[in-house]
Protein chains: 2
Amino acid sequence: MSETRWLDEDEQRAWLRTAAVLELLPGALDSQLLRDSDLTHFEYFALASLSEAPERTLRITALAALTNATLPRLSRVLTGLEKSGLVKRATCSEDRRAKNVSLTEAGWAKVVQAAPGHVENVRRLVLDRLTPEQVQQLSDIAEALLGELDPEGKVFASTRS
Amino acid sequence: MSETRWLDEDEQRAWLRTAAVLELLPGALDSQLLRDSDLTHFEYFALASLSEAPERTLRITALAALTNATLPRLSRVLTGLEKSGLVKRATCSEDRRAKNVSLTEAGWAKVVQAAPGHVENVRRLVLDRLTPEQVQQLSDIAEALLGELDPEGKVFASTRS
DNA sequence: TTCTTATGGTTGCACCTACAACGATGTGTC
DNA sequence: GACACATCGTTGTAGGTGCAACCATAAGAA
């Protein structure tokens, strides 16, 4: 048992501010999307991820990795999106345990409609409040944190150094 | 209607990484505290905030501002903490609409027991993965974001510049 | 083949959170 | 004092999320 290394003043301030952002930012992202497009941020992110995949189709497990969701969570969200006609599921022919999710035309239209407002919101809340140097710093910091949070690099593999 | 300013490559990478951290970090904080102390991060934060207040007591509204919670959310969390004997509520004598929440002895003991593991986890997940310069950068970045997320500075007033 | 084990995905259950509506008290105006 | 209005906190209700248990299919061993 080693002694606890308590936070010094600078560390404490940095962490308290970070925790505050962690608490506030997700809600700010959700509320704009819910208001303007009737989507949670997670739903938007899943649809956007699909929209950039080949054939706008992915294995459910692959989409879960991209969006960093657990399978149960994604499964239920997909059920909702399917009811809304934005995606469809189909059993995979090669591996009949697996399923492919595809964006429907309506789903594609939804992403196209929602994207500008969402991007504008990300700028307003985050990017436009930082200098270009800070944006780069944030990118490096987040990358460092993902090393611990997502050690296998499964999530957002395309964005890792 | 102005044209959408889409994200350039650096901005997109920074944002995707940040969104990934936003998705993963809260769960990592919760799971250590739930495992070791049977508290969510939010519950821990509320108890810790109380533990640093004069008399270990705060108005419910003041605690909501400190923890950045809505009143309904905090009210229900306090109900749970009260059932566990960690806090108690008492109607405020000066303003009988209001109530004061106080940490009980058991609540204080819980904070004392939980703090070392939590601090260690914050170091493992965040602070120890960054250079001292990056910790300072993160502090400044979070401060800048709170300017938009919490314009009135009600939250974490003590940590703002 | 048959048995065992691993993987893909869904569902039961419990809990947490948001939004809106509500009861109760305080403040200002006439 | 009596009214309108704002504030403090709680609760009804609906929906999201995690964990564990579950079914179905696949892969490997005997």
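Note that this is a predicted model, so its numbers are computed, not measured. Here is how names work: the chains are called A, B, and so on, in the same order as the sequence lines, proteins then strands, and each is numbered from 1.
Donor-acceptor pairing under 3.5 Å, judged by distance alone, is present between the side chain of Arg97(A) and the base of dT7(C).
Contacts of residues 74-86 of chain A with DNA chain D (heavy atom under 4.0 Å): Arg76(A), Val77(A).
At whole-Å resolution of the value, CG in Leu63(B) and C1' in dC8(D) are 14 Å apart. What separates CG of Asn100(B) from C1' of dC8(D) is a distance of 12 Å, to the nearest Å. Leu71(A) places its CG atom 14 Å from the C1' atom of dA21(D), with the value rounded to the nearest Å. If you take CG of Leu22(A) and P of dT17(C), they are 14 Å apart, rounded to a whole angstrom. What separates CG of Leu34(B) from P of dT17(D) is a distance of 17 Å, to the nearest Å. Here the P atom of nucleotide dG18(D) and the CZ atom of Arg35(B) are 17 Å apart, to the nearest Å.
Using modelled atom types, one finds no donor on one side chain facing an acceptor on the other under 3.5 Å when comparing Arg56(A) with Ser51(A). Looking only at atom types and distance, the side chain of Asp36(B) has a donor-acceptor partner in the side chain of Gln32(B) under 3.5 Å away. With no hydrogens or angles considered, a side-chain donor-acceptor pair links Thr79(A) and Arg89(A) at under 3.5 Å.
The line from CZ of Arg129(A) to CG of Leu149(B) is 8.0 Å long, rounded to the nearest 0.5 Å.
A salt bridge does not link Glu143(B) to Arg13(A): none of the charged nitrogens lies less than 4.0 Å from a carboxylate oxygen. Checked for salt-bridge contact, Glu23(A) and Arg17(A) miss the test: no charged N lies under 4.0 Å from a carboxylate O.
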Checking side chain to side chain donor-acceptor pair (under 3.5 Å) for the pair Asp140(A)/Gln136(A): CA distance, chi angles, key distance, verdict?
CA-CA 6 Å; Asp140(A) 293 341; Gln136(A) 185 57 51; 3.2 Å; yes
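Using a 4.0 Å heavy-atom distance criterion, Ile60(B) is classed as a sugar-phosphate-only contact.
Within the 4.0 Å cut-off from OP1 or OP2 of dT17(C), at least one side-chain nitrogen or oxygen of Arg73(B) is found.
Of the residues near DNA chain D, Ala62(B) and Ser93(A), the one whose nearest nucleotide (by heavy atom distance) lies more toward the 5' end is Ala62(B). Take the nearest nucleotide of DNA chain C for Pro72(A) and for Glu23(A): the residue whose nucleotide is more 5' is Pro72(A).
The side chain of Asp95(B) approaches dT25(C) more closely than any other nucleotide in the set dG9(C), dT10(D), dT25(C).
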